[in-house]
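Naming convention: chains lettered A, B, ... in sequence-line order (proteins, then strands); numbering from 1 in each chain.
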2 protein chains.
Amino acid sequence: MNKTIIIVDDHKLFAQSLQILVNSFSGFEVVKTFKNGEELVKYLEAGNEGPDILLLDMRMPVMDGMSTMAWLKENRPDQKVLTLTVDQEDETIIKMLRLGCRGYLLKDIEPEEFEHALNAIDRNGYYSNKTISDALSHEERKKKYEELTDREMEFLTHACSELTYKQVAEEMHLSPKTVDNYRESLFSKLQVKSRVGLVMFAIKEGIFKI
Amino acid sequence: MNKTIIIVDDHKLFAQSLQILVNSFSGFEVVKTFKNGEELVKYLEAGNEGPDILLLDMRMPVMDGMSTMAWLKENRPDQKVLTLTVDQEDETIIKMLRLGCRGYLLKDIEPEEFEHALNAIDRNGYYSNKTISDALSHEERKKKYEELTDREMEFLTHACSELTYKQVAEEMHLSPKTVDNYRESLFSKLQVKSRVGLVMFAIKEGIFKI
DNA sequence: CCGGACAAGGGGATTTTTCCCCCTTTTGAC
DNA sequence: GTCAAAAGGGGGAAAAATCCCCTTGTCCGG
């Protein structure tokens, strides 16, 4: 028995070619396509069964991917959804995952990865790739540095230099012991183990511009 | 007597507004505008005098900024040229400077800086700003790291981590004393004073991708 | 064959960094 | 007013990084 797929995407050309592609994979079959979230919701509210996997586009008129996902979270919390999108917006990815989306793919992927994602969601219930882990790690880091105090941020930028901590202390008009406190506090908040770790974090987050 | 200016730029709208702007500056006067380098070359080969300052766009059809600059280096080595461009390509800037270009400005600058540049080139013969010094320092650094040995490069990438040098030595199957040599050698070649300096250099040069 | 460049390794020393304790004062929220 | 967090400061010790000066072997061009 083939796994059923429903495609929700307003881009007709893409939706159609995607359907052909999916049907060419063994074990999957597109049973419906909709132009937007509203059409899907009406279909489901009419008492129809959801598909095994829902392929959801983000950018759609009427009811976009996010709203559709929110509705599904309320009304079909177990619906497996694989999001297909053109842009890698870290914030968006995070929100979709929170709403229970099982996978997130950029539209320019290789068919092989796409097939792999379908199989992974079918078998394991979710699919994770670089796009997602990048978004998550960025989110993680963002959370981290948002809870830094002003003085810690200031110290962090000073640490991105060839000055010794003693010299940094002079620059900041502080005792070396105080900057040592900031250092230790940052090590623990940012989960780094050395000054090099601090520097790489600061550069990664754009706190220090190189 | 006004200093004469010739504009070479295929973007008509830009060339025209630039002409108006230049004419509004006291002491400067646009005497000609050309759509590409070829037109300029024909004009000069016809026996016409070159302007005091030539404003040259990089991206042009037929004969672009680089080719035009090369022709000028051969045939009018004393022609003062101020390059105007949309993109900051360090390589390009370096090449243009080598070809004898006296100044290099991005097209999104403030009129004030532009006027300042014209005056500087008129008086001192050249104009230097951040765009150029950035490109030069990049060139400097590039020269530096091109003379690093393979092993030094390898060590450099390992240094961009939270590993201690002892651990780096293990990774590289070397004695800690040997990596110490690489470290010292890099400090002197790259003119840095600490591991943080190494890391920042590597990131700046794209040797280590963050 | 000799000198120079380079990779690899080392001795011994100082400075910095890192770590784990401790403390006071100020400040803002409740 | 109280309580917690932030800012500022310390002692002492281990580990890491930095510095200067040295040897050995190899390989390559003159």
Side-chain angles (χ1 to χ4, degrees), chain A residues 140-208 210, chain B residues 140-205 207-210:
Chain A
E140 271 305 294
R141 290 201 307 273
K142 204 174 164 187
K143 223 180 285 166
K144 282 182 200 164
Y145 93 81
E146 270 169 358
E147 61 195 25
L148 302 189
T149 69
D150 291 352
R151 272 315 232 179
E152 283 168 348
M153 284 291 270
E154 209 180 322
F155 163 72
L156 186 50
T157 61
H158 281 93
C160 296
S161 76
E162 295 197 288
L163 301 178
T164 67
Y165 287 140
K166 203 193 289 186
Q167 292 169 318
V168 169
E170 277 171 35
E171 289 266 317
M172 291 179 73
H173 307 292
L174 290 174
S175 137
K177 280 298 181 178
T178 305
V179 310
D180 195 39
N181 284 337
Y182 289 136
R183 182 191 55 74
E184 288 212 57
S185 161
L186 285 179
F187 276 22
S188 106
K189 283 187 182 177
L190 308 180
Q191 290 163 272
V192 300
K193 288 184 286 296
S194 70
R195 183 162 172 180
V196 170
L198 286 184
V199 171
M200 293 196 297
F201 178 90
I203 294 173
K204 220 177 282 183
E205 290 309 301
I207 294 166
F208 178 78
I210 206 145
Chain B
E140 272 303 296
R141 289 199 308 271
K142 203 176 165 186
K143 223 180 285 166
K144 281 183 202 163
Y145 93 80
E146 270 169 359
E147 62 196 25
L148 301 190
T149 69
D150 290 352
R151 267 326 226 175
E152 283 168 350
M153 283 292 269
E154 208 181 321
F155 164 72
L156 187 49
T157 61
H158 280 94
C160 296
S161 76
E162 295 197 287
L163 301 178
T164 67
Y165 287 139
K166 203 191 291 186
Q167 292 169 316
V168 169
E170 278 171 36
E171 290 265 319
M172 291 178 74
H173 307 293
L174 290 174
S175 135
K177 278 299 182 177
T178 305
V179 310
D180 195 39
N181 283 337
Y182 290 137
R183 182 190 54 73
E184 288 211 57
S185 162
L186 285 179
F187 276 22
S188 108
K189 284 186 183 176
L190 308 179
Q191 290 163 273
V192 300
K193 288 184 287 297
S194 70
R195 181 163 175 179
V196 169
L198 286 184
V199 170
M200 293 196 297
F201 178 90
I203 294 173
K204 226 179 274 182
E205 288 310 301
I207 294 167
F208 178 78
K209 273 143 195 85
I210 205 147

Report each atom pair, protein N/O against N/O of nucleotides 10-14 of chain C, whose distance is under 3.5 angstrom.
residue: C:dG10; atom: OP2; partner: B:Ser175; partner atom: OG; Å: 2.7
residue: C:dG11; atom: N7; partner: B:Lys177; partner atom: NZ; Å: 3.1
residue: C:dG11; atom: O6; partner: B:Lys177; partner atom: NZ; Å: 3.1
residue: C:dG12; atom: O6; partner: B:Lys177; partner atom: NZ; Å: 2.6

In Å, rounded to the nearest 0.5 Å, how long is the span from [atom1] of [X] to [atom2] of [Y]?
{"X": "B:Thr149", "Y": "B:Leu186", "atom1": "OG1", "atom2": "CG", "value": "7.5 Å"}
{"X": "B:Glu162", "Y": "A:Phe187", "atom1": "CD", "atom2": "CZ", "value": "7.5 Å"}
{"X": "A:Ile203", "Y": "A:Phe208", "atom1": "CD1", "atom2": "CZ", "value": "6.5 Å"}
{"X": "A:Arg195", "Y": "A:Cys160", "atom1": "CZ", "atom2": "SG", "value": "8.0 Å"}
{"X": "A:Met200", "Y": "A:Ser194", "atom1": "CE", "atom2": "OG", "value": "6.5 Å"}
{"X": "B:Leu156", "Y": "B:Ile207", "atom1": "CG", "atom2": "CD1", "value": "5.0 Å"}

Whole-Å distance separating the [atom1] atom of [X] from the [atom2] atom of [N]:
{"X": "A:Arg183", "N": "C:dC21", "atom1": "CZ", "atom2": "C1'", "value": "14 Å"}
{"X": "A:Leu186", "N": "C:dT18", "atom1": "CG", "atom2": "P", "value": "12 Å"}
{"X": "A:Gln167", "N": "C:dT15", "atom1": "CD", "atom2": "P", "value": "13 Å"}
{"X": "B:His173", "N": "C:dA7", "atom1": "NE2", "atom2": "P", "value": "18 Å"}
{"X": "A:Tyr182", "N": "C:dC19", "atom1": "OH", "atom2": "P", "value": "19 Å"}

Ignoring backbone atoms, test whether A:Tyr165 places a side-chain nitrogen or oxygen under 4.0 Å from the OP1 or OP2 oxygen of C:dT15.
-> no
Side-chain N or O of B:Arg195 closer than 4.0 Å to phosphate OP1/OP2 of C:dT17 = no
Leading and trailing nucleotides of DNA chain D with any atom under 4.0 Å from heavy atoms of chain B | D:dA16 to D:dC20
A:Ala159 to A:Leu198 - nearest heavy-atom pair and separation | CB-CD1, 4.4 Å
Residues which pass ring pair (Phe, Tyr, Trp, His ring centres under 6.0 Å) with B:Phe155, listed by chain and number, not counting sequence neighbours | B:Tyr165
Can you name the side chain to side chain donor-acceptor pair (under 3.5 Å) partners of A:Glu154, sequence neighbours left out?
-> A:Arg151
Below 3.5 Å, can you tabulate the donor-acceptor pairs from side chains in residues 169-182 of chain A to any protein atom, sequence neighbours excluded?
residue: A:Ser175; atom: OG; partner: A:Lys177; partner atom: N; Å: 2.9
residue: A:Asp180; atom: OD1; partner: A:Arg183; partner atom: NE; Å: 3.0
residue: A:Asp180; atom: OD1; partner: A:Arg183; partner atom: NH2; Å: 2.7

Tell me, which of residues 149-161 of chain B have any heavy atom that sits under 4.0 Å from an atom in DNA chain D?
-> none
Quick one: list whatever passes side-chain contact (heavy atoms from CB on, under 4.5 Å) with A:Ser185, sequence neighbours left out.
-> A:Glu152, A:Lys189
What residues form a side-chain contact (heavy atoms from CB on, under 4.5 Å) with A:Gln167, not counting sequence neighbours?
-> A:Leu163, A:Thr164
Once base and sugar-phosphate atoms are separated, protein heavy atoms under 4.0 Å mark nucleotides 23-30 of chain C, 5' to 3', with B, S and - as --------
